[in-house]
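Taking it in order: structure first as structure tokens, then the write-up.
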Amino acid sequence: MTQAFRIENGGLINREKKLSFKFNGKTYFGHEGDTLASALLANGVHLVGRSFKYHRPRGFFGAGVDEPYAVVQLYRNGETEPNIKATEQELFEGLEAKSVNCWPSVNFDIGAINNFLRIFLPAGFYYKTFMWPKSFWYRIYEPFIRKAAGLGVASTKHDKERYEHKYEYCDLLIAGSGPSGLAGAYAAAKNGAKVILAEDKPRFGGSLLTSDVNIGNQSGKDWAEGIIAELKTMPNVIVKNRSQIFGYYDHNMLVMSEKVSDHLPSTQKYHPNKRLWYIRAKEVLISSGSIERPIVFGNNDTPGVMLSSAAKEYLKVYGVLVGRKPLVFTNNDSGYETAIEFKKHGVDPVVLDSRKNPESEIIDEAKNLGINIKNSYVVVAAQGYKKVKSADIASISEDKKQLGKIENIQCDCICVSGFWTPTIHLASQSGNKTKFKEEIDAFVPGQSKQNEITLGAANGVFSLEETLKSSFTAGSELSKKITENDKKIAIPNVVEKKFSQHDKFWCVPLPKGKNYKRFLDFQNDVAVSDVEIALREGYRSIEHVKRYTTLGMATDQGKTSNLNGLQLVSEIENKVVPAVGHTTFRPPYTPVSIGAIVGREVGKHSKPTRKSPMHSWHEKNNAVFVDAGVWLRPRYYKRGNENLFEASKREAKNVRTNVGVCDVTTLGKIDVKGPDAAELLNRVYTNAWLKLPVGKARYGVMLREDGIVMDDGTTTRISENHYHMTTTTAQAANVLSHLEYYLQLFALPQNFHSQDL
Amino acid sequence: MLYINCPHCGMRSQNEFSYGGDASVKRPELNKEVSDQEWDDFVYNRKSLRGKHLELWQHISGCRQWIKVERDTATHEIFRTFKADEEVA
Ligand SMILES: [Zn+2]
């Protein structure tokens, strides 16, 4: 199959370099710079998986980290990894991926019968159904759920890849390389601050890659490239792409996962697969942008229904059309940007705007291009099973309660925009008290707890000019505090279109006599009706509703569903959204490989292996070794075909009749010296030590303050004020700390000294 | 991960330290008659405070000194740190 949906020119991919890859066993072609998602869409492949509960067909919904559907099993260089988002995985030559959550195949999936049984699978289904009879749980329910659940299979083989940990310190850490991150980094770097700029995507620039703006007389994209190029030359700046800051922990410690090799067919020699960065930052600028949120309507999970920003990104970054008959359904001006992009490439979109009389520059532009715009119109339901074939649309009354006559129009994709949700995860993880911003129907960071500031779209500010101004200023001010430099930077001229107010509308009512599934959470199959059941059954706290319905609990952690879920709860409960409150954001922001978390501490590297000085003698005498903590100790010396019991008898007999040697190298040894050495021993051991003659040893039992035995061993008096203590192998470190505790906290009348030998 | 100011070494990450319990309890004086209640309080009875708390930590992967850390157990904010023999006002 050729790349039928790839436009002739445009996009940021490398058209010179063609790559072949396999999806579900079939070979396709894409280009260097593609993601697996964009390459599949270029080939017209929209069906990539099945949904978690009902096994409904799943396509692509986003173009990045927010993707709820396109989770695949990846095969690379003889290894396999589950839970990979096709929208994040970069294409490489020979890539292989398979759909998950379907059996026997994505096209014919037996689990889809759940879709027809769905009246039996409402919210709380697991809690209610599987309670009785008890014996059924082990024999029937659990095996069934185990087989049906899951988003891929973990490898059971030893992982050949290597993962690294790295510790770093900086003045200013910046999460996200969009306009806000770039401006903040640039200003701080010019002041001589040590800056780390992290971008999770392969390309820097964030929204500047897809928006139609001008900064300092260049396109936003060119401006971003210029800033990045300059930052890369500065010795005080670390610029990292493919690096996701996923956790904000105490005392301004942030953790970042850098994908070093995932975009390559195999990991280069001496390179890790991933590198985990522990970064202690004096200040943090969160410029993580925002994620478009969907509008909820009937069958809104059909493949071909996707975020309008994703459709725009596929077109502008990858040169891919997600459809040839697009329907854009929007409640704000963003949908028009996507429509205009389609029109520029010779595709005629239809725009449905839920607003009655919206007026703005961009709407005028769309009208002038001759785009078909229907105001006060909504999509009632998508039609088509494995792909959108048409849409039922209708006009809607001003109070958004009454639908007009339903018409059906042909389309092959529905691009949805329900306005934007600031990505506040990192700010919230840091302990920031978030607040609800009425104008944008979303939460934004409020009072900071740690040294953190959130700017740009992540702070609910969608004007580029305002974002650049505040970010340049913040970069200057934050770095000035640290470096005491104050270099003035001219804020460049910005040309952007002013947006008009979005419509506070997020869910299309059901037409009479229809009970279409209207999905809130696309990965966990949570529909409007599920939340309604939960509330009807008495769940009130949003945390309880989340757990009962599993809303926002999948691997995408509700990036596209949380706010719509809150809107629904607040509507039914007749409360305002901030009174309902949001659920707690916890790290990680996106899934992190277990290998990256473990790092190099695997197998023999997990702890040192200690060998006694006479280890080679033990080996020569055929010792069978046993692990004793970190030590290798000889268990017995094997002669001929002896077993453990026979060898033990022989060795015991030898010791009783001749003489034996025991290698006690593994014991802890602590030298205790000084006029009060005996007094220290008296305090930690139950025995008395003052009268032990020089040159003699004595066995001692060591107690904790509460009288529990903590250790035992022999101590030898070497001279008047010099004792040599041995401890058990395992307790050596604890005993040393215990002695230091007495030395440092309960100063004895005279000084003495202990040393770990 | 906490960032602890060791009074001997300066700011170091938590993974260089080990926690050593409540620093506010006073060990009964030596060579003095001690009631069971006093021993009981010293050995077992702890308040498990929510809020400002004086703790013992040892800089095991650094200078090996025991130090006192005044920390909020709820917010993890560290207010002050002291050497082992420093009196905390
Ligand atoms: Zn120290």
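Being a predicted model, the structure only gives us computed values, none of them experimental. Letters go in sequence order (proteins before strands), and every chain restarts at 1.
- When heavy atoms are compared at a cutoff of 4.5 Å, Ile78(B) approaches chain A by way of both its backbone and its side chain.
- For Tyr169(A), the part sitting under 4.5 Å from any heavy atom of chain B is the side chain, from C-beta outward, and nothing else.
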If you look only at distance, which donor and acceptor atoms sit under 3.5 Å apart when one is on a side chain in residues 82-89 of chain B and the other is two or more places apart or in another chain?
unit_1, atom_1, unit_2, atom_2, d
Glu86(B), OE1, Lys83(B), N, 2.7

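- Annotation for Lys435(A): atom NZ does not count as buried by contact number, only 12 or fewer foreign heavy atoms lying within 6.0 Å.
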Test Arg64(B) against Leu736(A) for side-chain contact (heavy atoms from CB on, under 4.5 Å), laying out the working first.
CA-CA 10 Å; Arg64(B) 292 209 59 92; Leu736(A) 182 65; 3.7 Å; yes
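- Using non-hydrogen atoms only and a strict 4.5 Å limit, no part of residues 594-606 of chain A faces chain B.
- Only the backbone of Glu77(B) comes within contact range of chain A, judged by heavy atoms closer than 4.5 Å.
- In terms of modelled atom types and a separation under 3.5 Å, the side chain of His251(A) and the main chain of Leu2(B) share no donor-acceptor contact.
- Minimum heavy-atom separation, Met1(B) to Arg280(A): O-NH1, 2.7 Å.
- Looking at Asn15(B), only its side chain comes within 4.5 Å of chain A, counting heavy atoms on both sides.
- For the pair Asp706(A) and Tyr44(B), the tightest heavy-atom approach, listed with the atom from each and the gap, is O-OH, 3.7 Å.
- In this structure, Asp250(A) and Thr75(B) approach most closely via the heavy-atom pair OD1-O, 4.5 Å.
- The CZ atom of Arg27(B) lies 11.0 Å from the CG atom of Leu745(A); values are rounded to the nearest 0.5 Å.
- In the displayed structure, Arg610(A) atom CZ is contacted under 6.0 Å by at most 12 heavy atoms of other residues, nucleotides or ligands.
- Without hydrogens or angle criteria, Gln744(A) side chain to Trp66(B) main chain gives a donor-acceptor distance under 3.5 Å.
- Both the backbone and the side chain of Ser13(B) have a heavy atom closer than 4.5 Å to some heavy atom of chain A.
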